[in-house]
Student: 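Okay, here's the structure, questions in a sec.
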There are 2 protein chains.
Amino acid sequence: MNLRELSAHLGLSQTTVSRALNGYGDVAPATRRKVVEAAERVGYRPNSGARRLATGRSQALGIAFPVDRNLLLDPHFIEFIAGVAAHAGEQGYDLTVSPTTGTEGEVYRRFARMRTADAVILSGPVLEDPRIALLRGLQLPFVVHGRTQTPLPYAFVDIDNHGAFRQACQLLLDLGHRRIGLINGDESQTFARDRRAGWSSALMAAGLVAATDGLARAGAMTEENGYRFARDLLETSPRPTGLICSSVLLAFGAYRAVRDLGLAVGRDVSVIGHDDELPFLRPHTLDPPLTVTRSPIRKAGERVADFAIRLATGTPIDRLAEIKPVDLVYRGSTAAPEVR
Amino acid sequence: MNLRELSAHLGLSQTTVSRALNGYGDVAPATRRKVVEAAERVGYRPNSGARRLATGRSQALGIAFPVDRNLLLDPHFIEFIAGVAAHAGEQGYDLTVSPTTGTEGEVYRRFARMRTADAVILSGPVLEDPRIALLRGLQLPFVVHGRTQTPLPYAFVDIDNHGAFRQACQLLLDLGHRRIGLINGDESQTFARDRRAGWSSALMAAGLVAATDGLARAGAMTEENGYRFARDLLETSPRPTGLICSSVLLAFGAYRAVRDLGLAVGRDVSVIGHDDELPFLRPHTLDPPLTVTRSPIRKAGERVADFAIRLATGTPIDRLAEIKPVDLVYRGSTAAPEVR
DNA sequence: CTGAAAGCGCTTACAG
DNA sequence: CTGAAAGCGCTTACAG
């Protein structure tokens, strides 16, 4: 059933039916009711291609999906996408994921030229991110999940990575720890840089200027790396008594390393992780339960979708910037260090 | 730049340019070359909405993305999607993910009515899956990742779950194990049923008819459940000496349970897991390295996309059925049981 | 081998 | 408050 048939069926013009369905003002209430009800009954859906052609808008959000780099192909990314999809769906938007191998430029160009997305979502920003300039050049509205150092204005949703890791480090300092290692994500990405800066700023403020030397490791946030990095750090001398990890997966590996060295988490080594609230890896199920900085990445996805839709419908960029605070949840993996 | 402008620029009709670009036969080679080259140079992309409207096809594959149920929102799903997206991209198809809360019927109806996907991908099939009949009714081509018991014909890509788990169980039997537990995924899903059937058929064939009683656990494939189920099984008496897990994540939890009970994987308890080749959780990095049945879920995604595109372009359903064999990779987590 | 023209199903000025 | 009509940018019989 298309618009012409529906209109004929109702004895109205396509114009009126279209306006009634799209919520325009200039329609008699009774007419509107009749139209909406009939559309509902026969299950009418506008042909997306036709609407797209007529309006120039696709009612879809776009996201580049890196299929070769492992960078984003991790559980954090899907949880983020789930949030995007959930909010987009509520607003009647689809999500078009375009696979990319290598450069994302091609994908964005396609989105722009084919008008296949009204706004795109940019994930995993690095410090100097060329995608910002590219997207601006293409006139394609976009929202960044995270931030970059690029001076150009752009819409973004981020969490307070710096504050969170400063606070986590401060907690360990307050407990009496003095050697505190950092097990970070890939530091070409901004979030990881911010976290490192937060960690080191707490140490500096405590007068432990040299305490950052050699006590940080960074790489993909896998269990394997968590193990490797933790093991590496714990074998330095004097041994760190605290470890701060950029993900629960890394913390997971760190736990394993601590155990393998015959030590105990909580007693010998305090561990804090950053919890994105991935549904299949819950920090409170670890033994001992993991102290975390916490911010649901899924909520971030929802917010990014919200921003993207607003951007596509005319909200100015400068109103679309948000830095969410991060909770610190204290559990059994942190304690005062043993006096030696 | 649109088709009209490009044609004018070339001094040709839209008809000829369109045909040249779409690879039709009736175009002089020289003309085609000129057209293709010009399109390339100016970066011409057909407007997707217009093409969609004119052809009735969207050049997109659809997939329902469950945003509330955790069922599919796990790392296996993203790895699968990555495969789908990769292959679709190569073929010039987009992937439209439509978020669903609750029933997927609504999403499929939308795909069908809006013509927003040429074929859809059905994930996580259960034994009696109403989605099969629904999609057939909507005349929307679809490919199932896995199988159902529904007697209706449908295109699918599956792995030999039954054979894999029979073989895994047989390996443990051959090593001398007699009490072999199963830690399975959610048994409302077909893959989990098939795996259980494979496991029990090996036991039955070995004359151990009663050996399946009480030795199976099933649920979401999380580390947490792996721990819980393994712990539960290992506390039965006599203690099982072998455990077969439906995912590396479950095996991960099982390792933790074994350790917590003061036992050692390999020596006291042999463990086998099913490896979907998730990039962030590699079975050979466990200690001891995990023996696995292995089949990359990403490849399955690529194959499903391949089938979906073929289906959308006219290949008959009955040619689109595939059951991939599964490798068994022997590592240190399996050994003969200690004589007691 | 090439082109003029109809048509896909919407939206939206414009007229009444 | 409603409708006739143009137009969005393609594809594709059809004619030549």
Student: Would you classify Asn2(B) as touching base, sugar-phosphate or nothing, given that sugar-phosphate means primed atoms plus P, OP1 and OP2, and contacts are heavy atoms under 4.0 Å?
Tutor: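 Counting heavy atoms under 4.0 Å across all strands, the contact made by Asn2(B) is with sugar-phosphate only.
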Student: Take atom CD of Gln14(A) and atom P of dA4(D), then tell me their distance rounded to the nearest Å.
Tutor: 10 Å
Student: Under a 4.0 Å N-O cut-off, is there an ion pair linking Arg298(B) with Glu277(B)?
Tutor: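 Salt bridge absent between Arg298(B) and Glu277(B).
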Student: Can you tell me the Watson-Crick or wobble partner of dA4(C), both distances under 3.5 angstrom?
Tutor: none
Student: Keeping the roles fixed (side chain from Ser18(B), backbone from Thr15(B)), state whether a donor-acceptor pair exists under 3.5 Å.
Tutor: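 Between the backbone of Thr15(B) and the side chain of Ser18(B) there is no qualifying donor-acceptor contact (under 3.5 Å).
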Student: Ignoring the backbone of Leu53(A), work out which of dG9(C), dC1(D), dC10(D) is nearest its side chain.
Tutor: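 Shortest atom-to-atom distance from the side chain points to dG9(C).
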Student: Would a 4.5 Å heavy-atom cut-off, applied to side chains only, mark Phe156(A) and Glu322(A) as touching?
Tutor: no
Student: How long is the line joining CG of Leu10(B) and P of dC1(C), in whole Å?
Tutor: 18 Å
Student: What is the separation between atom CZ on Arg45(B) and atom C1' on dC10(D), rounded to the nearest whole Å?
Tutor: 16 Å
Student: More 5' along DNA chain C: Thr16(B) or Ala50(B), using each one's nearest nucleotide?
Tutor: Thr16(B)
Student: For Leu320(A) versus Phe307(A), what's the shortest heavy-atom pair and its separation?
Tutor: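 Minimum heavy-atom separation between Leu320(A) and Phe307(A): C-CE2, 3.3 Å.
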Student: For dC10(C), does OP1 or OP2 lie under 4.0 Å from any side-chain N or O of Tyr44(A)?
Tutor: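 It does, given that an N or O in the side chain of Tyr44(A) lies less than 4.0 Å from OP1 or OP2 of dC10(C).
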Student: What's the closest nucleotide to the side chain of Arg51(B) if the choices are dT2(D), dC10(D), dT12(C)?
Tutor: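 Closest of the options to the side chain of Arg51(B): dC10(D).
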Student: Report the distance from atom CZ of Arg115(B) to atom P of dT11(D), rounded to the nearest whole Å.
Tutor: 17 Å
Student: Any side-chain N or O of Asn47(A) under 4.0 Å from OP1/OP2 of dC8(C)?
Tutor: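 No, outside the criterion.
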Student: Provide, to the nearest angstrom, the distance between the CZ atom belonging to Arg32(A) and the C1' atom belonging to dC1(D).
Tutor: 11 Å
Student: Thr31(B) side chain: which of dC10(D), dT2(C), dG3(D) is closest?
Tutor: dT2(C)
Student: Among the nucleotides dC10(C), dC1(C), dC10(D), which one has an atom lying closest to any side-chain atom of Ala54(B)?
Tutor: dC10(D)
Student: If I take atom CG in residue Leu3(B) and atom P in nucleotide dA5(C), what distance separates them, rounded to the nearest angstrom?
Tutor: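 Answer to the nearest Å: 16 Å.
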Student: Examine the base of dT12(D) for any acceptor or donor lying under 3.5 Å from a partner atom in the side chain of Thr15(B), and report the outcome as yes or no.
Tutor: yes
Student: Take the protein atom CG of Leu21(B) and the nucleotide atom P of dT12(D), then report the distance between them rounded to whole Å.
Tutor: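 Taking atom P of dT12(D) as the reference, CG of Leu21(B) is at 13 Å.
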Student: Nearest-Å distance, CZ (Arg113(B)) to P (dC8(C))?
Tutor: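 Checked: the CZ to P distance equals 20 Å.
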Student: Going by an N to O cut-off under 4.0 Å, is there a salt bridge joining Arg41(B) and Glu37(B)?
Tutor: yes
Student: Contact class for Arg19(A) vs. all strands (heavy atom < 4.0 Å): base, sugar-phosphate, or nothing?
Tutor: base
Student: If we call it a pair only when both distances are under 3.5 Å in a Watson-Crick or G-U wobble match, what pairs with dA13(C)?
Tutor: none
Student: Taking for each residue the nucleotide of DNA chain D bearing the nearest heavy atom, is the 5' side occupied by Arg4(B) or by Ser13(A)?
Tutor: Ser13(A)
Student: Would you call the rings of Phe111(A) and Tyr108(A) parallel, tilted or perpendicular if under 30° counts as parallel and over 60° as perpendicular?
Tutor: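 If you compare the ring of Phe111(A) with that of Tyr108(A), the planes turn out tilted.
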Student: Describe the nucleic acid contact of Thr55(A) in one word from base, sugar-phosphate, nothing, applying a heavy-atom distance below 4.0 Å.
Tutor: sugar-phosphate
